[in-house]
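From a predicted model like this one, the values you see are computed outputs, not experimental measurements. Atoms within each ligand, like the ligands themselves, are counted from 1 in listed order.
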Amino acid sequence: MPAIQITGLRKSYGGFDAVRDVDLTVEPGRVVGLLGPNGAGKTTTLHVLLGLAAPTAGQALVQGRRHGDLDDPARTVGALLDAGGLHPGRTGRDHLRILTLAAGLPAGRVDDVLEIVGMTPAADRRVRTYSLGMRQRLGLAAALLGDPGVLVLDEPANGLDPAGMRWLREMLRSFADGGGAVLLASHVLAEVTQVADDVVVLGQGRVITAGPLDELVRDASLEDVYLDLTATTAGVR
Ligand SMILES: Nc1ncnc2c1ncn2[C@@H]1O[C@H](COP(=O)(O)OP(=O)(O)OP(=O)(O)O)[C@@H](O)[C@H]1O
Ligand SMILES: [Mg+2]
């Protein structure tokens, strides 16, 4: 069973199709990059997958189920959406403690995930003092709390420096090599080509092209396809 299976997904807002006819599969052990210009429908797709928005048509399943039907969502899928929802006056550690309590996870996971994302030294500082990259690492720590087999990440490399980028790449690689599945949305081609095994290119809500990264780079010259897409559609609708 695929870890993530999206079929015929459409999401409209007042007659406007933010996403249309999207098919996408993430098998265990794979990192799939959802690449598209601003406004292409990446975040909308992830929102439907995570049960934050209802599909207009089609479906988006995690481990064969809609997110809302999962027995134990926190242990099944970890998500990083945007790092904006953090309480500025709380410490990073407290933020993770609250999430751990809410999800019924063992308290010891907090230290584990802080260590994994390299945030142990800053764990007791207030979030308001964090840099963008540190917030992003905290968000990744939160996604890892339930030790899930599936990660859904929206623009995870935002704000990461080159060392942070390399760390993210290696972390996702070892996660996938251990049988995990990753769906990562980004508007930055280089981020996707650095970490993804498979790529789905989204433009104006539709799948423009999809396949294994090496094939797309070789056969379609992914860079040209993406440059054309960003130039001609200008993404934002
Ligand atoms: N709640 C909403 N109501 C109305 N329109 C929406 C809503 N959410 C998204 N849209 C529209 O759907 C389209 C896709 O937006 P989405 O956020 O999915 O794009 P994206 O690919 O994530 O872009 P970005 O790279 O800027 O994050 C946009 O035109 C956006 O304005
Ligand atoms: Mg987005």
Side-chain angles (χ1 to χ4, degrees), residues 4-26 31-62 66-68 77-86 132-133 135-140 142-143 150-160 164-165 168 172 182-196 198-211 213 216 222-237:
I4 293 174
Q5 186 145 46
I6 297 176
T7 30
L9 183 66
R10 179 154 71 95
K11 176 64 187 176
S12 6
Y13 291 108
F16 166 82
D17 288 339
V19 162
R20 183 168 189 133
D21 299 331
V22 169
D23 296 316
L24 180 161
T25 301
V26 186
V31 178
V32 175
L34 184 59
L35 173 70
N38 298 138
K42 305 179 296 295
T43 298
T44 301
T45 302
L46 302 192
H47 278 182
V48 173
L49 182 65
L50 295 166
L52 300 170
T56 305
Q59 59 181 6
L61 306 179
V62 182
R66 287 180 306 182
H67 190 275
V77 52
L80 171 74
L81 290 174
D82 64 66
L86 297 167
L132 177 59
R135 283 166 203 251
Q136 203 68 356
R137 285 174 190 247
L138 183 62
L140 285 161
V150 183
L151 285 176
V152 175
L153 310 173
D154 199 1
E155 311 271 357
N158 250 354
L160 293 184
M165 193 55 215
L168 177 68
L172 295 181
V182 181
L183 179 58
L184 172 159
S186 175
H187 66 284
V188 181
L189 176 70
E191 284 174 17
V192 170
T193 56
Q194 279 181 45
V195 299
D198 306 297
V199 180
V200 175
V201 181
L202 213 56
Q204 302 204 321
R206 291 167 184 268
V207 176
I208 305 295
T209 184
L213 177 68
L216 288 184
L222 183 60
E223 190 171 352
D224 292 342
V225 169
Y226 193 50
L227 272 176
D228 283 354
L229 182 65
T230 50
T232 56
T233 65
V236 175
R237 291 168 284 166

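- Checking only distances, G41 does come within under 3.5 Å of ligand 1, N or O to N or O.
- Atom CZ of R10 is surrounded by more than 12 heavy atoms from other residues, nucleotides or ligands within 6.0 Å.
- Assignment of A53 to the shell around ligand 1 is not supported, since no heavy atom sits closer than 4.0 Å.
- Judged by distance alone, with hydrogens and angles left aside, the side-chain atoms of T56 form a donor-acceptor pair with the main-chain N or O of S12 at under 3.5 Å.
- Within the 3.5 Å criterion, the main-chain N or O of P37 finds a donor-acceptor partner in the side chain of K42.
- Of all atoms in ligand 1, listed by their number and element, those nearer than 4.0 Å to a heavy atom of F16 are 11 (C), 12 (O), 13 (C), 29 (O).
- Closest heavy-atom approach to atom 25 (O) of ligand 1 among the candidates H187, H47, K42, Q204: K42.
- In this structure the side chain of L9 never reaches within 4.5 angstrom of the side chain of L24, judged on heavy atoms.
- Residue contacts with ligand 1, taken as heavy atom pairs separated by less than 4.0 Å, involve P37 solely via the backbone atoms N, CA, C and O.
- In terms of N/O distances under 3.5 Å, ligand 1 is approached by G39.
- Between the side chain of K11 and the main chain of A54, a donor-acceptor pair closer than 3.5 Å is present.
- Note on T43: counted as a metal contact of the Mg ion (ligand 2), an N/O/S atom lying under 2.8 Å.
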Derivation of the side chain to side chain contact (heavy atoms under 4.5 Å, CB included) call for V192 and L222 = CA-CA 11 Å; V192 170; L222 183 60; 5.6 Å; no

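- Judged by distance alone, with hydrogens and angles left aside, the side-chain atoms of D23 form a donor-acceptor pair with the main-chain N or O of G8 at under 3.5 Å.
- Taking every non-hydrogen atom of T43 and a distance limit under 4.0 Å, the qualifying atoms of ligand 1 come out as 17 (O), 18 (O), 20 (P), 22 (O), 27 (O).
- Listed by atom number, the atoms of ligand 1 under 4.0 Å from T44 heavy atoms are 9 (C), 14 (C), 15 (O), 16 (P), 18 (O).
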Would L35 and L189 satisfy side chain to side chain contact (heavy atoms under 4.5 Å, CB included), going step by step from the backbone distance to the final call?
-> CA-CA 7 Å; L35 173 70; L189 176 70; 3.5 Å; yes

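- Remark: ligand 1 atoms within the under-4.0 Å shell around heavy atoms of A40 are 19 (O), 20 (P), 21 (O).
- Counting atoms of ligand 1 from 1 in the listed order, those under 4.0 Å from a heavy atom of A18 are 12 (O), 13 (C).
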